[in-house]
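So the structure is just underneath, and the comments pick up after that.
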Amino acid sequence: MTRLSVNINKVATLRNARGGDIPNVVKVALDCETFGADGITVHPRPDERHIRRADVYDLRPLLRTEFNIEGYPSPEFIDLVLKVKPHQVTLVPDSPTQITSNSGWDTKTNIDFLTDVLDQFNTAGIRTSVFVSTDTEMIEYAAKAGADRVELYTEPYATAFPKDPEIAIAPFVEAARVARKLGLGLNAGHDLSLLNLNFFYKNIPWLDEVSIGHALISDALYLGLERTIQEYKNCLR
Ligand SMILES: CC(=O)[C@@H](O)[C@H](O)COP(=O)(O)O
Ligand SMILES: NCC(=O)COP(=O)(O)O
């Protein structure tokens, strides 16, 4: 079964636009779970432009499904994750000024850093995932660093999909096979949508989890949150 983790960053973006508590991020997360989400993902960024540190603490005791925290492993991020102890932490190589994640790790260059950080999370009993491109050497070094899983950065797939789905998926199938051979679990995310998700799943059915935010929350404006989550779940069958 491929799990759907709903990324609620964009719900916090909307909340922050007015400075109040509408929409309430915790309520939306709990509703996502009620509507069928298998997990909740947040990506607290240093400027707290969407998810705030306080949201992460508020969510932890109330969620009933898997909690995945993504982010760059700065000392502050590591401290937050070790205190909150989510089910999974996903390491992303973002600089503080980035608009959104736009690449996977260079796991070879950063092997010492990643090994040290992953060791801290593994010791704390938190499942670890490393955000990577489809470059198979990067996946091999993620395994060497001690990751439990890799998350494939799917923006290049989403961009190439409308023109030629077969060409778009090919490097992802190869990367997924390499990850499986290395004994790594497999996640995927970024720009997955109702348009491209089912084809991705059909080609890589051993995928453990997808985390989806931007397109899913946008679709919910038209379809409502409950129907949207059901439609995304239908893409994973
Ligand atoms: C790690 C990743 O793929 C990102 O998609 C991220 O979690 C989304 O972050 P923003 O919501 O800040 O664009
Ligand atoms: N890890 C990817 C994620 O959580 C959501 O990415 P997106 O759907 O907002 O592009």
Side-chain angles (χ1 to χ4, degrees), residues 2-17 25 28-29 32 37-53 55-56 59 63 65-74 77 80-81 86-105 107 127-134 138 142 147 149-161 172 175 185-198 200-201 207-221 225 228-229 231-233 235-236:
T2 303
R3 292 170 173 269
L4 171 68
S5 185
V6 175
N7 182 317
I8 57 168
N9 291 352
K10 289 287 146 49
V11 178
T13 305
L14 188 57
R15 185 246 349 243
N16 294 356
V25 165
V28 173
C32 287
D38 305 298
I40 298 295
T41 289
V42 295
H43 188 141
R45 294 185 180 271
D47 60 6
E48 299 199 314
R49 62 177 178 264
H50 41 57
I51 291 294
R52 301 174 181 141
R53 287 174 71 87
D55 295 324
V56 182
L59 285 161
L63 294 182
T65 61
E66 279 212 3
F67 192 23
N68 174 43
I69 306 182
E70 300 186 333
Y72 179 81
S74 63
F77 179 84
L80 175 70
V81 173
H87 301 90
Q88 177 175 272
V89 60
T90 302
L91 307 185
V92 185
D94 287 353
S95 76
T97 52
Q98 259 169 247
I99 291 178
T100 188
S101 311
N102 63 3
S103 68
W105 282 95
T107 51
R127 189 173 70 227
T128 54
S129 181
V130 171
F131 198 59
V132 288
S133 70
T134 52
M138 296 304 128
R149 293 187 183 184
V150 286
E151 176 175 331
L152 298 177
Y153 169 52
T154 47
E155 189 275 340
Y157 164 73
T159 301
F161 178 87
F172 287 85
L186 188 69
N187 297 342
H190 205 93
D191 282 341
L192 291 174
S193 70
L194 286 177
L195 207 72
N196 59 40
L197 181 60
N198 183 250
F200 195 87
Y201 166 74
L207 193 59
D208 288 301
E209 176 190 289
V210 290
S211 49
I212 307 182
H214 187 82
L216 188 153
I217 300 301
S218 303
D219 288 333
L221 293 174
L225 195 51
T228 300
I229 289 174
E231 296 220 356
Y232 275 82
K233 295 270 292 182
C235 292
L236 298 170

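Order of appearance sets the numbers: ligands from 1, and atoms from 1 within every ligand. One-based numbering along the sequence shown.
The shortest contact between atom 10 (O) of ligand 2 and any protein heavy atom is with Asp191 N, 2.8 Å. Given atom 13 (O) of ligand 1, the protein heavy atom at minimum distance is Thr100 OG1, 2.5 Å. Here the heavy atom of the protein found nearest to atom 2 (C) of ligand 1 is Ser101 OG, 3.3 Å. The protein atom (non-hydrogen) at minimum distance from atom 6 (O) of ligand 2 is His190 CA, 3.7 Å. Looking from atom 9 (O) of ligand 2 to the surrounding protein, the closest heavy atom is His214 N, 2.9 Å. Distance from atom 6 (C) of ligand 1 to its nearest protein heavy atom, with residue and atom name: His43 ND1, 3.3 Å. Among protein heavy atoms, atom 4 (O) of ligand 2 sits closest to Asn7 ND2, 2.7 Å. Looking only at protein heavy atoms, the nearest one to atom 2 (C) of ligand 2 is Ser211 OG, 3.2 Å. For atom 8 (O) of ligand 2, the nearest non-hydrogen atom of the protein is Gly213 N, 2.8 Å. Scanning the protein heavy atoms around atom 10 (P) of ligand 1, the nearest turns out to be Asn9 ND2, 3.5 Å. Glu70 OE1, 2.4 Å is the protein heavy atom nearest to atom 7 (O) of ligand 1.
Distances between N or O atoms of Glu70 and those of ligand 2 include at least one value under 3.5 Å. When only interatomic distances are considered, the shortest N/O to N/O separation between Lys10 and ligand 2 does not fall below 3.5 Å. For the pair Ala215 and ligand 2, the shortest N or O to N or O distance does not fall below 3.5 Å. Not a single N or O atom of Arg49, backbone or side chain, sits closer than 3.5 Å to an N or O atom of ligand 1.
Set against the non-hydrogen atoms of His190, the atoms of ligand 1 under 4.0 Å away are 2 (C), 3 (O), 4 (C), 5 (O). Numbered from 1 in the order shown, with element, the atoms of ligand 1 that lie under 4.0 Å from a heavy atom of Phe131 read 1 (C), 2 (C), 3 (O). Shown in contact with Glu151 at under 4.0 Å from a heavy atom are these atoms of ligand 2, numbered in order with element: 1 (N), 2 (C). Taking every heavy atom of His50 and a limit of under 4.0 angstrom, the matching atoms of ligand 1 come to 10 (P), 11 (O), 12 (O). When each atom of ligand 2 is checked for a heavy atom of Thr41 under 4.0 Å away, the hits are 4 (O). Close contacts of ligand 1 with Asn7, meaning ligand atoms under 4.0 Å from a residue heavy atom, involve 7 (O).
Here Asn196 contributes atom CG and Thr154 contributes atom OG1; the two are 7.5 Å apart, rounded to the nearest 0.5 Å. Here OH of Tyr153 is found 7.0 Å from CG of Asp191. Values are rounded to the nearest 0.5 Å. Here the OG-CD distance, from Ser5 to Glu151, works out to 9.0 Å after rounding to the nearest 0.5 Å. From Glu231, atom CD reaches atom CG of Leu4 across 12.5 Å, with rounding to the nearest 0.5 Å.
A salt bridge links Asp94 with Arg45: at least one charged nitrogen is closer than 4.0 Å to a carboxylate oxygen. With respect to the salt-bridge test (charged N to carboxylate O, under 4.0 angstrom), the residues Arg15 and Asp55 qualify.
In the model, Asn16 has no side-chain atom that pairs as donor or acceptor with a side-chain atom of Glu48 under 3.5 Å. When only modelled atom types and interatomic distance are considered, Thr90 and Asn68 share a side-chain donor-acceptor pair under 3.5 Å. Donor-acceptor pairing under 3.5 Å is lacking for the side chains of His50 and Lys10.
Only the side chain of Arg45 comes within 4.0 Å of ligand 1, judged by heavy-atom distances.
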side-chain contact (heavy atoms from CB on, under 4.5 Å) between Leu207 and Asn187, intermediate numbers included: CA-CA 6 Å; Leu207 193 59; Asn187 297 342; 5.9 Å; no
Output, in order, the C-alpha distance, side-chain angles, deciding distance and verdict of side-chain contact (heavy atoms from CB on, under 4.5 Å) for Ile51 and Val25. CA-CA 9 Å; Ile51 291 294; Val25 165; 4.2 Å; yes
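Heavy atoms from other residues, nucleotides or ligands lying under 6.0 Å from CD1 of Ile99 number 12 at most.
Remark: aromatic rings of Tyr72 and Phe77 are distant, center separation not under 6.0 Å.
Under a 4.0 Å heavy-atom criterion, Ile212 is in contact with ligand 2.
Side-chain N or O atoms of His190 include none that pairs as donor or acceptor with a backbone N or O of Glu155 at under 3.5 Å.
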